[in-house]
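I have placed the structure first, in the form of structure tokens, so that the comments after it can refer back to it.
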2 protein chains.
Amino acid sequence: MTTENDVLNADSSDSTNATAATGSAAADAAGTAQSVHPNFGRITTSGRGDAELAKSLQKILDGEWADTREETRAAMTPDLVNPLGLTMDEHRDHVMTQMQSLADSGMPKLGFKAEDGGTGDTGAALTSFELLGHLDLSVMVKAGVQWGLFGGAIANLGDAETRKKYLPGVMSLDLLGCFAMTEIGGGSDVQNLETTATFDNETGEFVINCPTPSAEKAYIGNAARDGRMAATFAQLITIEDGEELRHGVHCLLVPIRDEAGNDLPGVTTTDHGHKGGLLGVDNGRIWFDNVRVPREALLNRFGSVDEQGRYSSPIDSKGARFFTMLGTLIRGRVSVGAAAGASARTALALATRYSLIRRQFDHPETGKGIPLLEYREHQRRLMPRIARAYAYAVAQNAIVAELAEFEKNPDAFDEVRRREMETHAAGIKATVTGFANDTITEARLACGGAGYMAENLLTEMRKDCDVFSTFEGDNVVLTQLVGKELMGAYAAEFGDMDQRETVAFAINTVADVVQEKTRASTLWQKVVDAVTDREHTDILDRGNQLELLVDREEHLLETVARRLRKAQGQDGSAAFKVFNSAQDHLLQAGRAHMDSWVFARFAEAIDACEDPEAKEVLGMLCDLYVLDIVDQDKGWFLEHNRLTTERTKAATAARNRLCTKLAGRARTLVDAFAVPEFVFDVPMLNDGGVDTIEDPAEA
Amino acid sequence: MTTENDVLNADSSDSTNATAATGSAAADAAGTAQSVHPNFGRITTSGRGDAELAKSLQKILDGEWADTREETRAAMTPDLVNPLGLTMDEHRDHVMTQMQSLADSGMPKLGFKAEDGGTGDTGAALTSFELLGHLDLSVMVKAGVQWGLFGGAIANLGDAETRKKYLPGVMSLDLLGCFAMTEIGGGSDVQNLETTATFDNETGEFVINCPTPSAEKAYIGNAARDGRMAATFAQLITIEDGEELRHGVHCLLVPIRDEAGNDLPGVTTTDHGHKGGLLGVDNGRIWFDNVRVPREALLNRFGSVDEQGRYSSPIDSKGARFFTMLGTLIRGRVSVGAAAGASARTALALATRYSLIRRQFDHPETGKGIPLLEYREHQRRLMPRIARAYAYAVAQNAIVAELAEFEKNPDAFDEVRRREMETHAAGIKATVTGFANDTITEARLACGGAGYMAENLLTEMRKDCDVFSTFEGDNVVLTQLVGKELMGAYAAEFGDMDQRETVAFAINTVADVVQEKTRASTLWQKVVDAVTDREHTDILDRGNQLELLVDREEHLLETVARRLRKAQGQDGSAAFKVFNSAQDHLLQAGRAHMDSWVFARFAEAIDACEDPEAKEVLGMLCDLYVLDIVDQDKGWFLEHNRLTTERTKAATAARNRLCTKLAGRARTLVDAFAVPEFVFDVPMLNDGGVDTIEDPAEA
């Protein structure tokens, strides 16, 4: 029997339709005038959801590779869930077993082209990686290292012969490899890494060497135990006509261990041992002391050395070459964001289910315990994060689709479109991994003591996801990159762009261009046409929301550009000072851009949704997404006279009301995440102290 | 040789004195007109600090029990640092060894009165617990369970005979015990826990029973392995004249295991196994199935049962009795906040040291790598948190001193003062543990890949500290308690206060009373007298800061009281709705109170500081503390016309400038935390990729 508790409907008279409070008639435009579910806001204390609505919502989240998702989910088994209480070695063994299962299933082949022995479906490959994010992230990361990074380097940078030689072994796991880019002293400053690959004209070999302690490769997955070869990034040096020429960073395949697992001569690997999490991944250091590899070890797509030791490259500029090479490797970055998003959705689903069946403090009248989610604060903890999870999932799908399109048809991408894709890949990675860590933390806290028990998975997810904010590009560095790109994206010049040049690119027209591009979009026209609220005051009006977010981005870009222009004509020190004192401003602009970019993707997806009921719910989630941004950046909107105090207060009230309304469908909202059901077989959802979910058949 | 890098002094012309930007002459009042250190803001790239200044600052942080701190620090050894890579059982054994060392050192005796075999110095006891927070938190928590909670229950609730019988064994570790309060289905709702202790008139025994699955004791430290007895909280029931009488929650000593470690008849313990952290603490569940204990098992300070089975108590009201009993147990709560604060300071010291010697990206002119802390964003990540760490440390000391005073001289405390102490103990616990988790997370992120390696300790600290936000009172529940107390504190009635009654207590005069109390304080008079800025616009003026924070608190209390008043005369359901829809508002009021309360304690400590140099630095930290609050709640100050947009923009700019200025003394600021030096013997501070700190002798 389903018991419905109406305790939350205190405001029902004035909040049946959240738009009412804004005193606007714009609701029709957003399609939310008539609530299909009049009982939004009532917590269904049976804790069950609405299966049909969940399916419709899931369709939006599943996106283009829905079939892959279905197949992957169906193939997933409980042994992919984070195992508990294993020692580091046991966890590593366990993950290798899972890896072998994935290899045997043919999953890795999706990420490689038919000509290389793969099945060539980038979107499906990224999607199946993403879904590993619901489970043990150690498996996801190890798979990413092996197939995405190591395999990806060979596939994207190697010639046909090299690909043919190594890729079958990469896919089958006969050859385990590392992606040896990061150095302990360099971190994010990859362009200036220190390891060298010097061509020895006499022997026709490259000599790989770490010249300083800070040049040691560090944090490298597969380096501590399993890897036999490392795709090693090094400064390529040739001696031509007696002169030492430096050609920038290139990648070479360097064997590091023999079959028995012993370091090869000149190679010293070290085990990083215990980390914050990801115990199943064997991260380690690699030190190269004049290790010799044949000329063919160089992955030569963007630069090769002939038998005479002469270097040549299809790209003249060192910087352009470097960024082009990095560009081919963004799959890893996209995967990391996607898997973190999946992990956040799992955490939200766990915490939401718990909040519906765990009761705290008795109701003063019924004497029955009150489910956690009936408390306003609990709604405020979970619901805005659920709304963001939807927005980010849809935006992440857009990046995956764009990357798949690019890999299928690179010629359709001009320089601007390609760089936009790379920028958004960086931005969504920073946005979603930061969100995921915040969300898993909040989910764990929202489950109290139960949340701290490893058996309930949240702590394990948090430990593993933690480093997602750091690897594949530190989130601060990536957000800064977004800001810089927005400054420089429309300048004609390309490549070799360092801080000084970015400053020089802070041209007068930046914001104009942004505005022009955005306002020319179909979405913009569509929502603007739909606006009935001509005074532009209704914060629940989709067109006003878009304008609010884009306008903030424009203003931030304009003002940061003005600040950076001061650096023009200055020397390096002065230019750095200007740049550094505007760093927070630049980061703010980068974040604002991602907010409006994500919003636009979400709005598009809602626009395309054909189920009116799902469309209504998605509209409310989109409203909550925007209201959450307004709430968090309220100071800015007020300081810059974008919103009056009356409007920000109304926004706060509307945000609270939406939290309550959507809480009434919380279970349905998280069911649409389609996390494999066996993940929920955790003690806190079955154990003493929580309600029993009735069998639907009995209801 | 010390190299000073002036790259950060871009703004030096207008920011030598941060007050300049506010256009006010009030700087004299705050004592910061003349900077003793004209070169604030320059990063000393040697990474060394100013030992003398650090000592002066440390004196302020060390507070009343400075000698205890010195002794405790001197006695601490590297084996107290979080051990790495141990299995759960190994870690538990390791912690037991450390516990035995602490017992042998006599440390636990500090917490017990002379008449009970202790040395009776509450302040010293709490201080030594706090310092364990710099090291392995498993040791701190296990010590807290054994001596603070289990021992504390016996000491505070038991009669002389019971204390004499058990406390020596508690101190020596011959008797290991649990504090069995929390139940799996009840969590924070301790007053309504379900386990029963029913007096059997025939046998003269109590029967301890868990009547439902949700009554199982859960998350109990020492329960999985080491505990032999449990201080068990249960609903006390007597049968008097054939009638079942319920007397509310009482505590009884129940043996749970025999000497060999086997569960006693009727007792079932379960191991929680792996948790998010604190691997060295054996948390478990305890299930009681009609376990019989003698009449003497009841700790009878606030309620006893005579041989005839008749209950009596010195306190009539069940609620008052319960809260009085809980009040005697606040030591644990105070310890938890203190240790979390110590952990946060350790994290800040680790991240700050790293930020001074780890370089990232080359300076465009010098070509040398730029230390992380020279970046504005890095300063913004670390410096406001360092400022808060100072403020919270001082406020925490004030609570410790108050509690020590209370335990020495309880009669000096009237009801209001005692409840204020309890409220602030709850508030500071929530404030500092939340801060600690945020700060350790940020410190870990600020150290990039190195931060994720367990060997560098930050991840281990984060895992362990996580649950500090949940145990000893969930932070949301405690913050709400602060808000409720502020509503009800001045009402005459006491005890049995539930949500409905709190609502009823939301009397007209709440804010008036707050205002009256605050404005009557010596501090208030002192700062108001010192204000030279009669227009009250200078945000760096101490008096204006106090007014700004207190005014926000008053307004929030006033408005939440007005909302809650609507519930008067309503039935339970309606009253709950009113309460629930104001929950976020109430929490906001609770947080605002803690902000201003902490500020007042910090301002008092600065006022008392006699070293002008230290006083100047502390003044800047206090400014940054306030500016950080303003920055985070900017929307509120603008919405309520407390600050103009010009002032909030000036506050943001001043915050940035203060971050930069204080960054120039960052090492000194964290040296003053006096974290034992061996904690810094971690790879990331010594290993490849970071600068070598020169020997001071060579400088």
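Everything numeric here is computed off the predicted structure, so don't read it as measured data. Reckoned from all heavy atoms, side chains included, excluding hydrogens, waters and symmetry mates.
- Counting heavy-atom pairs closer than 4.5 Å to chain B, the top-ranked of the candidates A:Arg380, A:Arg358, A:Met684, A:Met88 is A:Arg358.
- Comparing A:Pro213, A:Gly186, A:Ser214, A:Ser469 by heavy-atom pairs within less than 4.5 Å of chain B, the highest count is held by A:Gly186.
- Heavy-atom distances place no part of A:Asn475 under 4.5 Å from chain B, backbone and side chain included.
- Qualifying salt bridge (charged side-chain N to carboxylate O under 4.0 Å, His left out) partners for A:Glu216, counting only residues two or more places apart in sequence or in other chains: A:Arg285.
- B:Tyr375 places no side-chain N or O within 3.5 Å of a backbone atom of B:Ile370 that could act as its donor or acceptor partner.
- In this structure, B:Lys649 does not pair ionically with A:Glu639, as no charged nitrogen and carboxylate oxygen lie closer than 4.0 Å.
- A salt bridge links B:Asp466 to A:Arg444: one of the charged nitrogens lies within less than 4.0 Å of a carboxylate oxygen.
- Using modelled atom types, one side-chain atom of A:Asn456 and one backbone atom of A:Ala450 make a donor-acceptor pair closer than 3.5 Å.
- For the options B:Thr470, B:Thr644, B:Asn437, B:Thr459, heavy-atom pairs under 4.5 Å to chain A are most numerous at B:Thr470.
- Interface summary for chain A: among B:Tyr219, B:Trp636, B:Phe471, the most heavy-atom pairs under 4.5 angstrom belong to B:Tyr219.
- The NE2 atom of A:His363 sits 7.5 Å away from the CD atom of A:Glu374 when rounded to the nearest 0.5 Å.
- When the candidates A:Glu183, A:His272, A:Glu194, A:Gln632 are compared by the number of heavy-atom contacts under 4.5 Å with chain B, A:His272 comes out ahead.
- In this structure, chain A has heavy atoms under 4.5 Å from both the backbone and the side chain of B:Leu278.
- Chain A forms the most heavy-atom pairs under 4.5 Å with one residue out of B:Gly448, B:Ser188, B:Gly187, and that residue is B:Ser188.
- Annotation: side chain to side chain contact (heavy atoms under 4.5 Å, CB included) contacts of B:Val476 (sequence neighbours excluded): A:Glu377, A:Arg381, B:Asp474, B:Leu587.
- No side-chain donor-acceptor contact under 3.5 Å links B:Lys275 to the backbone of A:Glu455.
- Between the side chains of A:Asp584 and B:Asn656, at least one donor-acceptor pair of N or O atoms lies under 3.5 Å.
- Note: A:Asp189 leads A:Thr645, A:Asp189, A:Thr87, A:Asn641 in heavy-atom pairs under 4.5 Å with chain B.
- Only the side chain of B:Thr441 comes within contact range of chain A, with heavy atoms under 4.5 Å apart.
- Interface remark: of the candidates A:Leu638, A:Val467, A:Ile184, A:Val467 forms the most heavy-atom pairs closer than 4.5 Å to chain B.
- Listed options B:Gly277, B:Gly451, B:Ala574 were ranked by heavy-atom pairs under 4.5 angstrom with chain A; first place goes to B:Gly277.
- Per-residue counts of heavy-atom pairs under 4.5 Å with chain B were compared for A:His640, A:His378, A:Glu646, A:Lys463; the largest is that of A:Lys463.
- With a 4.5 Å cut-off on non-hydrogen atoms, A:Asp631 does not touch chain B at all.
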